[in-house]
Amino acid sequence: MNVPRQTSRDLRNESRFEVLHALFALGPSTRQEISRRTGLSPATVATLVTQFLAEGVLRIATVEQNTVGRPYERLTIDPDRGRILGIDVAETYVDATVYDVTLQPLAQHQVALDEHESGPAYVVDGIVRAVDAAVGADGIKRDQIIGAGVSMPGQVRPDAGVSVFAPNWDWHDVTIEALLAERLGLPVYVDNPLKAVALSELWFGVGRVTKSMAVVNLGTGVGAGIVIDRSLLRGEANNAGEWGHTLLQLDGRRCRCGRLGCVEAYLGVQGLQTTLSEIDQDHAALREPQQRGFVDAVADGLARGDSALDELARRTSHYLAASLGDLVNLLNIAHITLTGWTTAALGDWLIPAVRAELPDHVLPGSLPNLTVEASRVPGNPVALGMAAFSLERFLGTLGLASPASIPSPGRRLRSPV
């Protein structure tokens, strides 16, 4: 594969983003503390901080006096530099969150989508309604918004702004970025939710203590955002992480992608519904018309000790342990984080069982220090990750971006964050 060489400009820009990452992790910090955190020289940090201050991205938080010597400044990201939209679009909802430049949430609104209605015009209208409601809250002005990051389900080419394939919607090559930019009147960046959850976990979750991880999203669909040595794995066409469409059962259940035996056919919500119908085809939870209602009914029944749902949790954790074991054996990662609304509802039952069974599926050499846990990233990690991508793109307009993170139009996709 012909991967472009990094230029000296690329390296300078990545150093700039290391400074920003340090401030996200440390909070208000001195130049010396930033230097220690990033490994950059004090002279380099001083130069980069001067550039950030000139662009209004940073401000001086406090000036403190040593007992001896000159006073020193603590620097912080200026939250009022602008507002950023992070938008999570799924088959059943649109969640729009407004963040400041420190990526603290300011307002949020969710719009339900009819999972049986999927035309581009319908979905775009739902996104616009969610954005309008979120932006209208708390006195946020439209002209304060510096960009919108939008996560779309399925295969997405962010360098072209195109939804290549969304199987549940039967979308093919929809120019979603252009459609949204026209309706919203804002700079728009689109990507896949797996990349978004990986970036949010890298910046605000276990990425602060580990360099490599898989962030496994469980919901209508399933997949894995993968980070290796602090680099986001994208692949040749941004499709890395489609773990939900790897094989769990040869000639097994029909997946919505058209193949047989995919992980998603067992661990996506429709897969859970199929498993429960095999256990008890007349169970009351199966009469829930919406997927979220079904998952909530399962969680309520598990809390009451429903025997059929106990068996559903047992089989599902077995499928999940086997599938995660394959992921660990392939990548030799030591940290798996589970996220998504199915994890939020059922994680208390699934995760302990998965931990207990994983040794049966993982090579012994990969077991030491292997950790499986629910994500601790606050709020909606997909929306947060998309806001972070949008922030990077905005900084690119100031000449401050990390170009290895976001593919730009006309450039091949690259993997480092």
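Judged by distance alone, the side chains of Thr47 and Thr50 never bring a donor and an acceptor atom under 3.5 Å apart. A side-chain N or O of Asp95 and one of Gln108 form a donor-acceptor pair less than 3.5 Å apart. Inspection of the Gln291 and Thr92 side chains reveals no N or O donor paired with an N or O acceptor under 3.5 Å. Between the side chains of Thr275 and Arg253, a donor-acceptor pair is found at a separation under 3.5 Å. If you check the side chains of Asp306 and His283, you find a donor sitting under 3.5 Å from an acceptor. A donor-acceptor contact closer than 3.5 angstrom links the side chains of Glu64 and Tyr72. The closest side-chain donor-acceptor pair between Tyr93 and Asp88 falls under 3.5 angstrom. Residues Ser366 and Asn332 have side chains that bring a donor and an acceptor to within less than 3.5 angstrom of each other. Donor-acceptor pairing under 3.5 Å is lacking for the side chains of Asn238 and Asp159.
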Could you walk me through whether Gln273 and Leu286 pass side-chain contact (heavy atoms from CB on, under 4.5 Å), step by step?
CA-CA 7 Å; Gln273 291 170 324; Leu286 293 171; 4.2 Å; yes
One pair to check against side-chain contact (heavy atoms from CB on, under 4.5 Å): Thr339 and Val377. What are the steps and the verdict?
CA-CA 9 Å; Thr339 188; Val377 173; over 6 Å; no
Walk me through whether Arg256 and Thr220 qualify under side-chain contact (heavy atoms from CB on, under 4.5 Å).
CA-CA 11 Å; Arg256 58 184 180 156; Thr220 300; 3.8 Å; yes
From CA spacing to verdict: salt bridge (Lys or Arg N to Asp or Glu O under 4.0 Å), Arg129, Asp125:
CA-CA 6 Å; Arg129 287 188 288 119; Asp125 183 67; 3.2 Å; yes
Carefully, step by step, assess Ile87 and Ser151 under the rule side-chain contact (heavy atoms from CB on, under 4.5 Å).
CA-CA 6 Å; Ile87 305 166; Ser151 164; over 6 Å; no
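Taking 4.5 Å as the limit, every side-chain heavy atom of Ile351 sits out of range of all side-chain heavy atoms of Leu346. Inter-residue side-chain proximity for Leu384 and Tyr99 is flagged as met; some heavy-atom pair is nearer than 4.5 Å. Under the 4.5 Å side-chain criterion, counting only non-hydrogen atoms from C-beta, Arg259 is not in contact with Thr246. Contact of the Val206 side chain with the Thr371 side chain is not registered, since no non-hydrogen atoms from C-beta on lie closer than 4.5 Å. Between Trp203 and Leu103, the closest side-chain pair of non-hydrogen atoms falls below 4.5 Å. Using a 4.5 Å heavy-atom cutoff, the side chains of Pro120 and Trp171 are in contact. Looking only at side-chain heavy atoms (C-beta outward), Pro79 and Thr102 come within less than 4.5 Å of each other. You'll find the side chain of Phe294 reaches within 4.5 Å of the side chain of Leu276, heavy atoms only.
The side chain to side chain donor-acceptor pair (under 3.5 Å) check on Asp300 picks up nothing, with sequence neighbours excluded. Evaluation of the side chain to side chain contact (heavy atoms under 4.5 Å, CB included) rule for Thr76 yields Pro28, Arg59, Ala61 as partners, not counting sequence neighbours. A search for salt bridge (charged side-chain N to carboxylate O under 4.0 Å, His left out) contacts involving Asp100 returns nothing, not counting sequence neighbours. Not a single side chain to side chain contact (heavy atoms under 4.5 Å, CB included) links Asp348 to another residue, sequence neighbours left out. In this structure Arg314 satisfies the side chain to side chain contact (heavy atoms under 4.5 Å, CB included) test together with Glu311, sequence neighbours excluded.
Considering CD of Gln155 and CZ of Arg157, their distance stands at 10.0 Å, rounded to 0.5 Å. Going from atom OG1 of Thr210 over to atom CD of Glu201 covers 10.5 Å, rounded to the nearest 0.5 Å. How far CG of Leu48 is from CG of Leu53: 11.0 Å, rounded to the nearest 0.5 Å. Between the CG atom in Leu320 and the OG1 atom in Thr343 there is a gap of 8.0 Å [rounded to 0.5 Å]. For the atom pair CG (Leu194) and CG (Leu233), the distance works out to 11.5 Å, reported to the nearest 0.5 Å. The structure places CG of Leu391 at 12.0 Å from CE of Met386, a figure rounded to the nearest 0.5 Å.
Around atom CD of Gln281, no more than 12 heavy atoms belonging to other residues, nucleotides or ligands sit under 6.0 Å away. Shown here is Asp229, whose CG atom has more than 12 heavy atoms of other residues, nucleotides or ligands within 6.0 Å. Around the CZ atom of Arg208, the shell of radius 6.0 Å holds more than 12 heavy atoms that belong to other residues, nucleotides or ligands.
At least one donor-acceptor pair under 3.5 Å links the side chain of Gln144 to the backbone N or O of Lys141. At distances below 3.5 Å, at least one donor-acceptor pair connects side-chain atoms of Glu264 with backbone N or O atoms of Val222.
The two residues Gly126 and Leu113 come nearest to each other via the heavy atoms CA-CD2, 4.3 Å. Scanning both residues, His245 and Cys257, for their nearest heavy atoms gives ND1-SG, 3.5 Å. The two atoms that bring Ala134 and His109 nearest to each other are N-CB, 3.8 Å, heavy atoms only. Ile336 approaches Val328 most closely through the heavy-atom pair CD1-CG2, 3.5 Å. Of all the heavy atoms in Leu199 and Gly385, the pair that sits closest is CD2-O, 3.8 Å. The minimum heavy-atom distance between Leu350 and Ala313, with the atom names listed, is CD2-O, 3.8 Å.
Ring-plane geometry between Tyr319 and Tyr266 is classed as perpendicular, the angle between the planes exceeding 60 degrees on a 0 to 90 degree scale with a lower cut at 30. Ring orientation note: the planes of Tyr189 and Phe389 are tilted relative to one another, at an angle of 30° to 60°.
Counting only residues at least two apart or on different chains, the salt bridge (charged side-chain N to carboxylate O under 4.0 Å, His left out) pairs with a member in residues 25-47 are Arg31-Glu73, Glu33-Arg74.
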